Amino acid sequence: MLTALRRRALAASSAAVLALSGGTFLVPVPAGADDVRLSQQDVLRTLDVDDAWRLTKGGGVTVAVLDSGVDPDHRDLAGSVVTGRDFTAGANPRGVQPVRLHGTYMASLIAGHGHGPDGADGIIGVAPEARVLSVRVILEDEEPGFRTFNSDARYEAVVAKGIRYAVDHGAEVINMSLSKDMPTKDERSAIAYAISKGVVLVAAAGNEGAGKRTAPYSYPAAIPGVISVAAVTSTLRRASFSNRNSSVMVAAPGVDVLGAGPGDEYWVGRGTSQATALVSGVAALIKSRHPRMSPALVAQALTSSPDHRGPYNIGTGFGVVNAYRALSVAATLSRHRTTASGSGVQSPSRPVRSSANDHDPIVVVRRDTGTILLYGGIALGAFSGSGAGLAVLLVLARRARRRQEENDALPPAPWPTRLPT
């Protein structure tokens with residue numbers, strides 16, 4: 001969700017409108033300077049992308065952005081976007097063009113390459129050499145068909161359809177900066193399909209966490225196999241709006257994050273959407289370096305990457321992702337086989353056989369419940385009888401002991417005297 005005002009950065013402009021937590025301010029921009037890239041530095045530094053870029057910038061990887069659509073002509077994305085299918089077709093009145101704000105924003109954080117000499121101006125994404133596959137599965141709040149889209153049963157399975165479409169069209173990473181209250185069977189099936197094809201899925205943990213110790217689960221982020229991302233502030237603390245629940249896996253910056261908007265505009269906003277896009281960019285770096293790495297190992301690399309790893313918590317998961325450390329962990333994981341090997345290990349290509357004769361008859365034991373009850377009753381009766389006998393013995397022993405004690409209490413008999421003869 002966007003919670004800030006639009007910001008334009010034009011070459012001839014001498015000022016830019018910044019949306020900060022306290023309101024809107026006019027900030028002077030020196031002639032020829034690009035304050036957009038400067039405004040990104042804190043986020044990029046938090047993710048340690050400069051060190052990561054010495055290893056890879058995401059070349060050869062396609063990231064599907066399941067969102068409201070991406071502007072392929074934005075100067076910071078031009079040449080990197082393939083426009084895929086629009087699964088929301090028919091929701092808007094005929095002739096209405098999609099806004100594509102949220103989707104363009106997310107795509108720029110993932111794969112923006114900047115513009116100008118050496119791409120030094122504008123938005124730079126975490127994986128600036130990656131490709132973007134735009135798949136439209138949601139509408140912006142202000143689009144006229146928004147209410148129809150959210151109430152018409154025709155669009156109930158659009159996320160699941162979008163996932164399958166992305167997988168079938170070459171995506172290695174799928175970014176889902178979106179959320180809903182309940183999952184569907186189709187979404188679970190589509191996610192399982194994507195994972196079976198080695199595709200990494202990243203989704204937003206949700207923005208309903210303000211004032212709550214735990215927040216409701218958000219889907220598809222909470223579906224097993226999906227990397228659920230929370231948002232943190234510039235001080236690396238959980239953002240107040242970010243959901244807290246046990247599905248959260250990792251976190252990334254999500255407050256006052258600058259990104260691109262359609263028509264060469266720039267926006268600043270906050271949300272788990274932005275954090276999700278940044279983590280998708282890191283996942284793209286890993287897949288670029290290790291194309292055949294499974295989604296589970298990519299997730300392990302991400303969860304092992306935070307600089308300050310404390311115990312897991314439901315607010316930020318395993319911590320704030322570090323791109324360079326994630327690549328380092330991925331390099332270690334890539335040297336391990338997915339199946340055991342060495343002496344004493346059964347080859348997976350050979351059938352497992354027992355040492356016994358395969359043709360020995362199978363003995364079926366049938367239990368006669370009537371007989372079991374009969375003998376059980378006899379045993380119970382014998383036990384009860386033995387208990388009663390023991391009680392009688394104890395009573396007799398106690399009486400004998402008491403009689404002996406009484407005898408012991410009598411005065412001793414006098415010494416016998418010799419009778420006169």
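Numbers for residues simply follow the sequence, beginning at 1. All values reported here derive from a predicted model rather than from experimental measurement. These values consider heavy atoms only, across backbone and side chains, with no hydrogens, waters or symmetry-generated copies.
- Side-chain polar atoms of S280 and N175 form a donor-acceptor pair below 3.5 angstrom.
- Pairing each heavy atom of A111 with each of A130, the nearest pair is CB-O, 3.7 Å.
- Annotation for Q41 and R37: closest pair NE2-O, 3.1 Å, computed over non-hydrogen atoms.
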Exercise for the section: For the pair D307 and R325, evaluate salt bridge (Lys or Arg N to Asp or Glu O under 4.0 Å) and give the outcome as yes or no after the intermediate values. Expected result: CA-CA 8 Å; D307 287 326; R325 286 173 58 86; 3.7 Å; yes
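- L47 places a side-chain heavy atom less than 4.5 Å from the side chain of P253.
- Note that CD of E156 and NZ of K180 are 6.5 Å apart. Values are rounded to the nearest 0.5 Å.
- Between the T104 side chain and the D71 main chain, a donor and an acceptor come within less than 3.5 Å of each other.
- Considering only heavy atoms from C-beta on, V199 stays 4.5 Å or farther from E172 through its side chain.
- The only option from L278, V43, L44, I124 that meets the side chain to side chain contact (heavy atoms under 4.5 Å, CB included) definition with V49 turns out to be L44.
- Listed for the N150 side chain is a donor-acceptor partner under 3.5 Å among the backbone atoms of F146.
- The side-chain heavy atoms of T184 and Y219, taken from C-beta on, include no pair separated by under 4.5 Å.
- Of the listed residues (E140, E143, R136, H102), just one forms a side-chain hydrogen bond (donor to acceptor under 3.5 Å, both in side chains) with S68, and that residue is E140.
- Side-chain contact between H169 and L133 is present, with at least one heavy-atom pair separated by less than 4.5 Å.
- For T276 against M176, the heavy-atom pair with the smallest separation is CG2-O, 4.1 Å.
- In terms of modelled atom types and a separation under 3.5 Å, the side chain of R75 and the main chain of G116 share no donor-acceptor contact.
- Between L285 and A323, the shortest heavy-atom distance links the atoms CD1-CB, 4.2 Å.
- Using a 4.5 Å heavy-atom cutoff, the side chains of V158 and T88 are not in contact.
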Problem - H115 vs D121, side-chain hydrogen bond (donor to acceptor under 3.5 Å, both in side chains): CA-CA, chis, key distance, verdict - result: CA-CA 5 Å; H115 64 274; D121 298 334; 4.5 Å; no
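- Distance check: S240 OG to R238 CZ gives 7.0 Å after rounding to the nearest 0.5 Å.
- The shortest side-chain heavy-atom distance between S273 and M106 falls under the 4.5 Å cut-off.
- A distance of 10.0 Å separates CD of Q300 from OG1 of T332, quoted to the nearest 0.5 Å.
- Contacts classified as side-chain hydrogen bond (donor to acceptor under 3.5 Å, both in side chains) and involving residues 222-237 (residues at least two apart or in different chains) are given here: T233-T235.
- The backbone N or O of A222 lies less than 3.5 Å from no partner atom in the side chain of S247, so there is not a single donor-acceptor pair.
- Contact check on D256 versus R270 returns a salt bridge, with a Lys/Arg side-chain nitrogen under 4.0 Å from an Asp/Glu carboxylate oxygen.
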Handout entry: side chain to side chain contact (heavy atoms under 4.5 Å, CB included) between I163 and E187, intermediate numbers included
Key = CA-CA 8 Å; I163 291 172; E187 288 164 0; 5.6 Å; no
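- In this structure a side-chain-to-backbone donor-acceptor pair under 3.5 Å is present from N313 to T316.
- Within the 4.5 Å cutoff, no side-chain heavy atoms of R154 are placed close to those of F149.
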Exercise for the section: Would you please test S189 and K185 for side chain to side chain contact (heavy atoms under 4.5 Å, CB included) and show each step? Expected result: CA-CA 6 Å; S189 177; K185 182 178 179 180; 5.6 Å; no
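- The closest donor-acceptor contact from the side chain of N243 to the backbone of A205 lies under 3.5 Å.
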Practice task
Take Y266 and D76, measure what side-chain hydrogen bond (donor to acceptor under 3.5 Å, both in side chains) needs, and give me the verdict at the end.
Solution key: CA-CA 10 Å; Y266 296 94; D76 295 342; 2.7 Å; yes
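- Distance check: Y155 OH to L139 CG gives 8.5 Å after rounding to the nearest 0.5 Å.
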Practice task
Given side chain to side chain contact (heavy atoms under 4.5 Å, CB included), test V226 with I191 step by step and report yes or no.
Solution key: CA-CA 8 Å; V226 180; I191 286 168; 3.7 Å; yes
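- T46 and L236 get closest at one heavy-atom pair: CG2-CD2, 3.6 Å.
- A donor-acceptor pair is defined here as one N or O able to donate and one able to accept, closer than 3.5 Å; no such pair exists between the side chain of T56 and the backbone of A52.
- Cation-pi geometry between R164 and Y193 is met: under 6.0 angstrom from the ring centre, within 45 degrees of the axis.
- Side-chain atoms of S242 and T272 include no donor-acceptor pair closer than 3.5 Å.
- Side-chain atoms of V248 and I314, non-hydrogen and from C-beta on, never get closer than 4.5 Å to each other.
- Side-chain atoms of W53 come within 3.5 Å of backbone atoms of V126 as a donor-acceptor pair (strictly under, hydrogens ignored).
- Side-chain polar atoms of R131 and T62 form a donor-acceptor pair below 3.5 angstrom.
- Note that the CZ atom of F318 and the CE atom of M249 stand 7.5 Å from one another [nearest 0.5 Å].
- In summary, the aromatic rings of H74 and Y105 are positioned with their centroids too far apart to meet the 6.0 Å limit.
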Practice task
Could you go through the side chain to side chain contact (heavy atoms under 4.5 Å, CB included) check for V200 and I174 one step at a time?
Solution key: CA-CA 6 Å; V200 180; I174 297 178; over 6 Å; no
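- With rounding to the nearest 0.5 Å, the separation of CZ in R100 from OG in S134 is 8.0 Å.
- Side chain of K287 to main chain of V61: no donor-acceptor pair is present (N/O by atom type, distance under 3.5 Å, no hydrogens or angles).
- Pairing each heavy atom of V135 with each of Y165, the nearest pair is CG2-CD2, 3.9 Å.
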